[in-house]
Amino acid sequence: MSGDIPLNINIKEPRWDQGTFMGRAQHFFMVTDPRNVLLSGPVLEDARVTIENYRQGIVKPGLTEDELWRAKYVYDSAFHPDTGEKMILVGRMSAQVPMNMTITGCMLTFYRTTPAVIFWQWVNQSFNAVVNYTNRSGDAPLTVNQLGAAYVSATTGAVVTALGLKSLAKHLPAIMSRFVPFAAVAAANCINIPFMRQRELKYGIPITDEEGKRLGESTKAAQQAIVQVVVSRIGMAVPAMAIPPVIMNALEKKAFMKRFPVLNAPVQVGLVGFCLVFATPLCCALFPQKSSMSVSSLEPDVQERLRSSSPHISTVYFNKGL
C-alpha cells in the first residue's frame with residue numbers, strides 16, 4: 001500500500017543529528033516530554049502499529065511526515081528500543097520530571113530527621129531501581145532473584161550512604177546540611193545503577209555494526225554505557241538539588257514563609273520541577289544514545305572474533321540505556 005510520504009525515512013534513528021549536542025537535546029526534549037505520561041493505551045497502540053507498519057513498507061493513507069515522527073516519539077517514549085516491550089509507566093523517561101520533582105522536593109524539604117532521610121532515600125532509590133531496570137540496555141531478562149538481590153543491595157547502600165553523610169553534616173554550617181540529599185543521591189547513583197545492571201557487566205550488552213546488524217555482546221561496552229549513564233544521572237540532579245536549597249534558604253527568612261510554613265514543600269517541589277524540565281533532557285543529551293567504541297577497545301576475545309568474522313569493522317555501536 002502506498003501513502004503520501006516516501007518509505008525511505010530512517011525512523012530507526014532520531015529526527016535530529018545525534019552527532020551534535022543540540023541535536024541530541026532536541027531529541028530528548030521529545031523523549032522526556034512529561035505530557036507523554038498522559039497518553040492513553042489506544043494512542044500508544046496506534047503509534048506502535050504506525051511505526052511497525054511503516055518499517056514493513058505499509059503506510060496508512062493521509063499520513064504526513066510530521067505525523068510519522070510524532071508517532072515515532074510516542075512509540076519511543078513507551079516501548080523499549082531493544083526488546084520492543086511496553087515499559088513500566090513510572091520507569092519511562094517521560095515520567096522522570098513529575099516523579100523526580102515530587103520525590104526530590106520531599107527529600108529537600110524533609111531532611112532534618114533520620115526517619116525522614118531513611119524513608120525518602122528508600123523511596124528515591126526504589127524509584128531509581130525501577131527506572132534503571134526499565135531503561136536497561138540489551139534484551140537479556142533479569143531473573144526475580146537477580147532483580148531482588150540488586151534492588152536490596154542498591155537500596156541498602158544508598159540509605160547507608162545518606163545516613164553517613166547526614167551524620168557528617170552535623171558539624172557543618174546549616175546551609176551545608178541542605179546539600180546532604182544531593183551528595184547522597186550522587187553517591188547512591190554510583191551504587192544503584194551498576195547493581196541494577198550487573199547482568200550487563202557480567203555478560204555484556206549487544207554490539208552492532210553501523211547498520212544495526214548484531215555482532216555479539218561486550219562487557220567493555222557495558223562498562224562504558226553504565227559510566228555514561230551514571231554521569232548523566234548525577235548531572236540531572238545537580239540543578240534540581242543544588243539550586244532550590246540556596247533559594248529556599250533565602251526564602252525561609254522572609255516573613256511570608258515564616259507566616260505560612262505550609263508553603264515550604266510545594267514551593268520547593270515547584271522549583272525542583274522547573275529545574276528538571278531542562279536538566280533531564282539536557283543531561284540525557286550529554287552522550288549519544290547510540291554510543292560507539294573502537295574494536296581495539298573491546299575485550300580480547302571479542303576483538304579476535306570480530307577480526308575473523310568482520311575484519312572490515314573498526315567501530316561497534318550499542319544502546320547505552322538511559
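Excluded from the calculations below are hydrogen atoms, water molecules and symmetry mates; all remaining heavy atoms, backbone and side chain alike, are included.
Listed for the S232 side chain is a donor-acceptor partner under 3.5 Å among the backbone atoms of C283. A distance-only check finds a donor-acceptor pair linking the side chain of Y54 to the backbone of I9 [under 3.5 Å]. In terms of modelled atom types and a separation under 3.5 Å, the side chain of S308 and the main chain of R305 share a donor-acceptor contact. With Q18 contributing its side chain and G23 its backbone, the two residues share a donor-acceptor pair below 3.5 Å. The closest donor-acceptor contact from the side chain of N100 to the backbone of N124 lies at 3.5 Å or more, if one exists at all. Remark: the backbone N or O of P206 is not paired with any side-chain donor or acceptor of R214 at under 3.5 angstrom. Looking only at distances, a side-chain donor or acceptor of E67 sits under 3.5 Å from a matching main-chain atom of T64. Counting only distance, with no hydrogens or angles, the side chain of T104 and the backbone of M101 share no donor-acceptor pair below 3.5 Å.
Atom-to-atom distance recorded for Y317:OH and S292:OG is 5.5 Å, nearest 0.5 angstrom. For the atom pair D46 CG and I51 CD1, the distance stands at 10.0 Å (nearest 0.5 Å). Going from atom CZ of R307 over to atom CD1 of I313 covers 12.0 Å, rounded to the nearest 0.5 Å. In this structure, NE2 on H27 lies 9.0 Å from CH2 on W16, to the nearest 0.5 angstrom. With rounding to the nearest 0.5 angstrom, the CG atom of L282 is 5.0 Å from the CZ atom of F21. In this structure, the separation between CD on Q268 and SG on C106 is 9.0 Å, given to the nearest 0.5 Å.
Looking at heavy atoms from C-beta onward, L298 lies in side-chain contact with M293 at the 4.5 angstrom threshold. Side-chain contact check for V74 versus L39: some heavy-atom pair is nearer than 4.5 Å. In this structure, V267 and I247 have side chains that are not in contact, with every pair of non-hydrogen atoms separated by 4.5 Å or more. Between R233 and V229 there is a side-chain heavy-atom pair separated by less than 4.5 Å. Side-chain contact between Q96 and F127: present, with at least one pair of heavy atoms (C-beta onward) separated by less than 4.5 Å.
A salt bridge does not link K213 with E210: none of the charged nitrogens is closer than 4.0 Å to a carboxylate oxygen. A salt bridge links E45 with R48: at least one charged nitrogen is closer than 4.0 Å to a carboxylate oxygen. K72 and D76 are joined by a salt bridge, as a carboxylate oxygen and a charged side-chain nitrogen come within less than 4.0 angstrom of each other.
Around atom CD of E304, no more than 12 heavy atoms belonging to other residues, nucleotides or ligands sit under 6.0 Å away.
For the pair E200 and I205, the tightest heavy-atom approach, listed with the atom from each and the gap, is OE1-CG2, 3.3 Å. In this structure, A221 and S218 approach most closely via the heavy-atom pair N-OG, 3.1 Å. Considering all non-hydrogen atoms of both residues, L215 and D209 come closest at CD1-N, 3.6 Å. Taking all atoms of both residues into account, the shortest heavy-atom contact from Y75 to A47 is N-CB, 4.1 Å. In this structure, C284 and F28 approach most closely via the heavy-atom pair O-CE1, 3.4 Å. Between V272 and P244, the shortest heavy-atom distance links the atoms CG2-CG, 3.9 Å.
Linking Ile, Leu, Val, Met, Phe, Trp and Tyr whenever their side-chain heavy atoms come within less than 4.5 Å puts L276 and V90 in one cluster. Two different hydrophobic clusters hold V37 and M30 under the rule that ILVMFWY side chains link at heavy-atom gaps under 4.5 Å. Criterion: ILVMFWY side-chain heavy atoms under 4.5 Å apart, direct or through other members. Under it, L89 and V97 are not part of a common hydrophobic cluster. Under the 4.5 Å side-chain heavy-atom criterion for grouping Ile, Leu, Val, Met, Phe, Trp and Tyr, I103 is connected to V238 within one hydrophobic cluster. Residues L63 and I11 fall within the same hydrophobic cluster, defined by Ile, Leu, Val, Met, Phe, Trp and Tyr side chains chained together at heavy-atom separations under 4.5 Å.
Using modelled atom types and a 3.5 Å distance limit, the side chains of T219 and E299 yield a donor-acceptor pair. No side-chain N or O of Q224 forms a donor-acceptor pair with one of S291 less than 3.5 Å apart.
Using bins of under 30°, 30° to 60° and over 60° for the plane-to-plane angle, the ring pair F278/F274 lands in the perpendicular bin.
N319 pairs with exactly one of Q289, K290, H80 by the side chain to side chain donor-acceptor pair (under 3.5 Å) rule, that one being Q289.
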